[in-house]
Amino acid sequence: MDTLEGKKLVLEPVVKKWSLFSLFFFPAIGGLIFGYDIGATSFVLVQLQNSKLSHVAYSYILDDFSFWRGVITSGSVAGAFLASLIVFPLSDSLGRRDEMLIAFGLYFSGAALEVFAGWPTFDALIGFSILVAGRIIFGMGIGFCMHAAPMYISEMGPSKVRGMLISAKEAMIVLGMVLGYTVGYITEDTVGGWMYTYGVGGVLACLFGAGVFYLPESARWLILQGRHVEGKESLDFVYSEGSGVILTEVLEVAKESLPKPMAPTPGTEAARSAAAAYANAITTIVDETSESFGSTSDNSISTAKTTEDNVDDPLGILLGDKVLPATIAGLGVITLQQISGQPSVLYYAETIFRDAGVSSGGTIAVACFKLLCTIASAFVVDSYGRRKLLLGGILIQAFALTLITSYFAFGWNSDIFLITSMFVYVGGYQVGFGPIAWLLISEVFPLSVRGEGMALAVQTNFFWNLVVALSFDEELELIGSTWSFAVFLIVALVSLVFVYYFVPETKGLSLEEIESMLDAKTFSPYQKSQRNARSTYESVHGEEIISIAQTNNSPA
């Protein structure tokens, strides 16, 4: 192999196809369960209000009081928000895999309680209380899963397809909604059918737990803990060749904020042995990488924390000068996603379908359309980029909201026009905000505070989700349909401005290259992000990166 002086030759890592599928599919089942719960609950609520079909003593509570129906609907969201608060201080002491296993336990326990709440001998108070408890516990599973799964896929997936994988996870959520609607539709006329509907959630949880148990821990999380040899083994699960290059890149970029491995008491023979073993392991990894793929710029890779990046104050880091641009971009997009009006649009669509006597079929049709749009977005996100899809999707939403606002403002009487406009809106949302918001928050935070940054984003997501769910009816009564959708149109226009000025392009970049942009204060949409990130990485590490694929030599 020829060498180029002053340049670093990098072998293109070779991915194991089954491993790539596994690291996406099994975590994404957790998202499918989230979507399934949304679809299933819409049918469960209808059946629970029917004393004959529900076969429970508390059906009158839900039939007579809309507040308690809201508690059932929002219980899972409240549980998810609670879990996101719990996970913030624990996010980097818990591994991504362990966190998903906790989510499995909460999913299964919540589903079991939901089914148990249908026991026919329970009185109204006990049965309803058990159902609410099940909803909250199930929701906590959602919170843990939606925090850990996107990070796991982002940290383990190759950068060239990372966008597609995480966007496809959003497609799994929508697929779950379709599945939930379908199971609910099948069991809606069955006595006690709502228990079977919720029981399927427990079965899916078992599949999720078994799959996650098979997976290794996130390599980047292991490296964050100083467990570099295990990190290399985790990367070997994904790559048949080239894992050493990725490990070295992670160590080089993140070395200022990574902790040293825990060691025995200094000065003892055990301490000297441990230090020698650790130094030998790292030297072996670096030497193997250098021999196989070209020399590294720094063979003395230190993993000591610096006082500047003190992870004892993760919130301070997230709001500090270095990481603040990523925090603004991530939290801003996730907030605008939640207040963009999608629940309100779907509410009106379902109302029209109900009035037309095709409520179930219409709801499933909307969910299938959402799924198709999300799949389309997943396939092009790594070629078109995050910014283009976000801006394009929001533009479509704004156009649709203009039509919907005009419909209510001018008193037009055409259900077909309104439904068409709502489908256009849903398409725009699922191309842009739907998949891209979760993708961005999983990749923009640096490794040392990625867990806390993701936890803060999940808190933001479920907080606004809860606010919108509880305030929509009151908003309609207070300002009416015209102004409600006019407000959503304003939000869409604000979103366009926000994305244009604050969200840079990250397609094709490794997580380390994105972090280098933050280090160099070039996390900006005003520059060519891919070229800028790569040149930033090269300037920081004093070398030029050239892929072996760009040379005429084949790797040995």
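For Ser22, the side chain to side chain donor-acceptor pair (under 3.5 Å) criterion is met by Trp18, not counting sequence neighbours. Applying the salt bridge (charged side-chain N to carboxylate O under 4.0 Å, His left out) test to Glu170 and every residue at least two apart in sequence or in another chain returns nothing.
In this structure a side-chain-to-backbone donor-acceptor pair under 3.5 Å is missing from Glu452 to Pro314. Between the Arg386 side chain and the Leu440 main chain, no donor and acceptor come within less than 3.5 Å of each other. Distance alone, capped at 3.5 Å, is enough to place a donor-acceptor pair between the Lys16 side chain and the Asp236 backbone. A donor-acceptor contact shorter than 3.5 Å links the side chain of Ser42 to the backbone of Gly39. Side chain of Trp438 to backbone of Met146: no donor-acceptor contact under 3.5 angstrom is found. Lys169 contributes no side-chain N or O that, together with a main-chain N or O of Pro150, makes up a donor-acceptor pair within less than 3.5 Å. Under the 3.5 Å distance criterion, the side-chain polar atoms of Gln225 are left unmatched by any main-chain donor or acceptor of Leu222. Distance alone, capped at 3.5 Å, is enough to place a donor-acceptor pair between the Thr41 side chain and the Asp37 backbone. Looking only at distances, a side-chain donor or acceptor of Ser377 sits under 3.5 Å from a matching main-chain atom of Val431.
We find that Arg227 and Glu217 are not joined by a salt bridge, their nearest charged nitrogen and carboxylate oxygen being 4.0 Å or further apart. Checked for salt-bridge contact, Asp382 and Arg162 miss the test: no charged N lies under 4.0 Å from a carboxylate O.
The number of heavy atoms from other shown groups lying within 6.0 Å of CZ (Phe498) is above 12. Around atom CZ of Phe108, no more than 12 heavy atoms belonging to other residues, nucleotides or ligands sit under 6.0 Å away. Heavy-atom contacts from other residues, nucleotides or ligands closer than 6.0 Å to OH of Tyr384 number 12 or fewer.
The side chain to side chain donor-acceptor pair (under 3.5 Å) pairs that include a residue from residues 102-115 are Glu114-Arg135, where partners are two or more places apart or lie in different chains. Sequence neighbours left out, not one pair with a member in residues 431-441 passes salt bridge (charged side-chain N to carboxylate O under 4.0 Å, His left out). Among residue pairs with one or both ends in residues 453-463, those qualifying as side chain to side chain donor-acceptor pair (under 3.5 Å) are Gln338-Asn461; sequence neighbours excluded. For the side chain to side chain donor-acceptor pair (under 3.5 Å) condition, the pairs that include at least one residue of residues 144-157, sequence neighbours left out, are Arg96-Glu155, Glu99-His147, Glu155-Ser218, Glu155-Arg450.
Residues Pro158 and Leu20 have side chains in contact (heavy-atom distance under 4.5 Å, counting atoms from C-beta outward). Proximity of Tyr36 to Val183: side-chain heavy atoms (C-beta onward) are separated by under 4.5 Å at one or more points. The closest side-chain heavy-atom distance from Leu131 to Leu113 is not below 4.5 Å. Within the 4.5 Å cutoff, no side-chain heavy atoms of Phe462 are placed close to those of Leu82. Between Ile317 and Lys322 the shortest side-chain heavy-atom distance does not fall below 4.5 Å. Between Arg387 and Thr506, the closest side-chain pair of non-hydrogen atoms is not below 4.5 Å. The closest side-chain heavy-atom distance from Ser74 to Leu466 is below 4.5 Å. Contact check for Met100 versus Phe208: side-chain heavy atoms found under the 4.5 Å cut-off.
Put simply, CD1 on Ile142 and CD1 on Ile38 are 7.0 Å apart, with the number rounded to the nearest 0.5 Å. How far CG of Leu318 is from CG of Asp313: 9.0 Å, rounded to the nearest 0.5 Å. Taking CD of Gln337 as the start and CD1 of Ile436 as the end, the distance is 10.5 Å to the nearest 0.5 Å. In this structure, NZ on Lys370 lies 3.5 Å from CD on Gln430, to the nearest 0.5 angstrom. To the nearest 0.5 Å, atom OG1 of residue Thr327 and atom CG of residue Leu518 are 8.5 Å apart. Rounding to the nearest 0.5 Å places OG of Ser340 at 6.0 Å from CZ of Phe433.
Because its NZ or CZ atom is both nearer than 6.0 Å to the ring centre of Phe213 and within 45° of the ring axis, Arg97 counts as a cation-pi partner of that residue.
Ring geometry for Phe25 against Phe21 counts as parallel: the plane angle stays under 30°, on a 0 to 90° scale with 60° as the upper cut. Below 30°, between 30° and 60°, or above 60°: for Phe463 and Phe81 the angle between ring planes is between 30° and 60°, a tilted geometry.
Across all non-hydrogen atoms, the minimal contact from Pro27 to Leu215 is CD-CD1, 3.8 Å. In this structure, Ile137 and Gly110 approach most closely via the heavy-atom pair CG2-N, 3.8 Å. When every heavy atom of Ser159 is checked against every heavy atom of Leu509, the shortest pair comes out as CB-O, 3.4 Å.
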*asked:* As a quick check of understanding, evaluate side-chain contact (heavy atoms from CB on, under 4.5 Å) for Phe144 and Val87, giving each step before the final call.
replied: CA-CA 7 Å; Phe144 273 95; Val87 81; 4.1 Å; yes
